[in-house]
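Contents: one structure, followed by commentary.
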Amino acid sequence: MQMISAGKRTECEKSNETTVMEFVLLGFPGSHSLQVFMFMLFLLMYILTVIGNVAIITLVMTNHRLHTPMYFFLCNLSFLEIWYTTASVPKTLAIFLGKSRTLSFPSCLLQMYFMFSFGCTEYFLLAVMAYDRYLAICYPLHYSSIMNNTLSTQMAITCWVCGFLVISIPAFLISRLSFCSPNVINHFVCNIDSWIVLSCTDTHTVETAAFIISVIVILGSCVITLLSYIYIISTTLRIPSAKGQQKAFSTCSSHLAVVIIWYGSTIFLFVKPSAQSSLELTKIVNILNTIVTPLLNPFIYTLRNREVKEALCNVFHGT
C-alpha cells in the first residue's frame with residue numbers, strides 16, 4: 001500500500017508558509033459554455049432526484065398496501081438520497097457559475113462527513129433490504145413474524161447510527177492534519193483522497209483508517225447482499241411454476257439493479273491502495289456515485305416494481 005511520505009511535514013516547515021484553512025474546489029475546468037452546460041445538467045438532475053425521491057416517499061406513506069418493511073426501507077433510502085445529493089450538488093452548482101469555489105476547512109470537513117456518512121448508511125440499507133428480500137422469499141411463512149415493524153425500525157435506525165459513527169473516525173483524524181500551499185482540491189466536493197494528497201503532515205493513519213473502513217463497510221455489506229441473493233436465486237429456481245419464479249424475481253429485481261449500479265461505482269472509488277491514483281478518473285466516476293445513482297433509484301423502483309406501478313396508476317386514476 002503506497003502511503004504519503006512522512007517527510008511532508010518537513011517540506012511544509014521549510015516552505016515557511018502559513019497553514020491553509022481555506023480550500024478551492026477546482027470542479028471541472030473548461031470554457032464558459034461548458035460550465036453553463038454542466039450547470040444546467042447538474043441542476044436538472046438534482047431537481048429530478050429530489051422530485052423522484054419525494055414522490056416515492058409520498059406514495060409509500062399515502063398507500064396502505066405499501067406499508068410493509070420492504071417499502072419502509074425504500075422510504076429510508078429515498079430520504080437518504082435527497083440529502084446525499086444535497087450535501088454536494090448546491091456547492092457544485094455554485095462552482096459552475098463561478099460564484100464561490102472556496103470553502104473553509106470546517107465547512108469542507110462537514111461536507112465530507114455528511115456525504116460519506118450518507119454513503120455508508122446507504123451500504124447498510126442496501127444490505128438490510130437484501131436480507132429483507134431473503135427472508136420474504138426463503139421463509140415466506142415466517143416472514144411476517146420475523147420482520148415485524150419493531151425489527152424493521154430497529155434495523156433502519158442501526159443503519160443510520162452506524163453510518164454516521166463510522167465516518168467520525170476519519171473525520172477526526174483529518175481534523176488533526178495540517179495543510180500548506182497549494183490549497184486547490186481537484187474535485188467538485190471535499191473528499192478524503194484530496195486532503196490526503198494536499199496534507200503536508202504524515203497521512204499514514206488517515207489512509208490506513210480510510211482503507212480499513214472502506215473494506216469493512218463496502219465489502220462487508222456487499223458480502224451480506226451477495227449471500228442474500230445467492231440464497232434468493234437458489235430458492236427461486238426450486239419454485240415449480242414459471243409464474244411463481246417470475247413473481248419472486250420481480251420482488252427483488254429493482255433492488256438488485258440499484259445494488260449493481262451503486263456497488264460498481266463505489267468499489268472503484270474507495271477500495272483502492274492509494275489515494276493519489278487517478279484523481280481525474282475518480283472525479284468522473286464520482287458523478288455516477290453522487291448524482292446519477294440517486295437520480296436513477298426512484299425510476300428503477302417505479303418502472304421495475306409492480307406494486308409501485310399499481311399504486312401510481314391508482315393515484316393518477318383517482319382510486
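Because the structure is predicted, anything quoted here is derived from the model rather than measured.
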Give, for atom [atom1] of [X] and atom [atom2] of [Y], the distance between the pair rounded to the nearest 0.5 Å.
| X | Y | atom1 | atom2 | result |
| --- | --- | --- | --- | --- |
| Tyr113 | Ile167 | OH | CD1 | 8.5 Å |
| Leu26 | Ile185 | CG | CD1 | 10.0 Å |
| Leu135 | His142 | CG | NE2 | 11.0 Å |
| Leu296 | Thr49 | CG | OG1 | 8.5 Å |
| His187 | Ile95 | NE2 | CD1 | 10.5 Å |

Would you check if [X] and [Y] make a side-chain contact, meaning some heavy-atom pair closer than 4.5 Å?
| X | Y | answer |
| --- | --- | --- |
| Phe72 | Thr68 | no |
| Met70 | Met147 | no |
| Gln154 | Leu151 | yes |
| Leu74 | Ile56 | yes |
| His64 | His67 | yes |
| Pro170 | Ile213 | yes |
| Leu97 | Leu93 | no |
| Tyr131 | Met155 | yes |

Please tell me whether [X] and [Y] are part of a single hydrophobic cluster in this structure, the criterion being side-chain heavy atoms less than 4.5 Å apart.
| X | Y | result |
| --- | --- | --- |
| Ile212 | Ile196 | no |
| Met112 | Leu173 | yes |
| Leu165 | Leu110 | no |

>> Assess the residue pair Leu177 and Thr203 against the criterion (side chain to side chain contact (heavy atoms under 4.5 Å, CB included)); give the C-alpha distance rounded to whole Å, side-chain angles, the decisive distance to 0.1 Å, and a yes or no.
In response: CA-CA 8 Å; Leu177 295 178; Thr203 57; 4.2 Å; yes
Assess, by modelled atom type and distance only, whether the side chains of [X] and [Y] contain a donor and an acceptor separated by less than 3.5 Å.
| X | Y | value |
| --- | --- | --- |
| Tyr123 | Thr225 | no |
| Thr208 | Thr205 | no |
| Thr201 | Ser199 | yes |

Between [X] and [Y], is there a donor-acceptor pair closer than 3.5 Å when you use the side chain of the first and the backbone of the second?
| X | Y | answer |
| --- | --- | --- |
| Ser152 | Asn148 | yes |
| Ser107 | Leu103 | no |
| Ser175 | Phe172 | yes |
| Ser31 | Leu34 | yes |
| Asn53 | Phe79 | no |

> If you look only at pairs with a residue in residues 61-82, which of them pass as a salt bridge (charged side-chain N to carboxylate O under 4.0 Å, His left out), with sequence neighbours excluded?
Replying inline: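 For residues 61-82: Arg65-Glu310.
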>> According to salt bridge (charged side-chain N to carboxylate O under 4.0 Å, His left out), does anything in residues 145-154 pair up with another residue at least two apart or in another chain? List the pairs.
In response: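 For residues 145-154: none.
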>> For Phe164 and Phe118, I'd like to know if the aromatic rings sit close, meaning centre-to-centre distance below 6.0 Å.
In response: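 Ring centres of Phe118 and Phe164 closer than 6.0 Å.
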> What do you reckon, are the aromatic ring centroids of Phe96 and Phe37 less than 6.0 Å apart?
Replying inline: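 So the answer is no for these two rings.
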> For Cys108 and Cys190, is the interatomic SG distance under 2.5 angstrom?
Replying inline: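 With an SG-SG separation under 2.5 Å, Cys108 and Cys190 do form a disulfide.
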Taking atom [atom1] of [X] as the centre, does the number of heavy atoms from other residues, nucleotides or ligands within less than 6.0 Å exceed 12?
| X | atom1 | value |
| --- | --- | --- |
| Asn149 | CG | no |
| Phe39 | CZ | yes |
| Tyr143 | OH | yes |
| Trp160 | CH2 | yes |

> Looking at Ile291 and Met45, what are the two nearest heavy atoms and their distance?
Replying inline: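 Looks like CG2-CE, 3.4 Å.
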>> By the disulfide (SG to SG under 2.5 Å) test, which pairs, at least two apart or in different chains, include something from residues 42-75?
In response: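 Every pair satisfying disulfide (SG to SG under 2.5 Å) with a residue in residues 42-75: there are none.
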> side-chain hydrogen bond (donor to acceptor under 3.5 Å, both in side chains) between Thr86 and Tyr46: does it pass, once the steps are laid out?
Replying inline: CA-CA 8 Å; Thr86 301; Tyr46 177 62; 2.9 Å; yes
>> ring-ring contact (aromatic ring centres under 6.0 Å, His included) for Tyr134 and Tyr139? Distances and angles first, verdict last.
In response: CA-CA 8 Å; Tyr134 157 73; Tyr139 300 96; 5.7 Å; yes
>> So if I apply the side chain to side chain contact (heavy atoms under 4.5 Å, CB included) rule between Cys159 and each of Val128, Asn76, Leu80, which one comes out positive?
In response: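 Result for side chain to side chain contact (heavy atoms under 4.5 Å, CB included) with Cys159: Val128.
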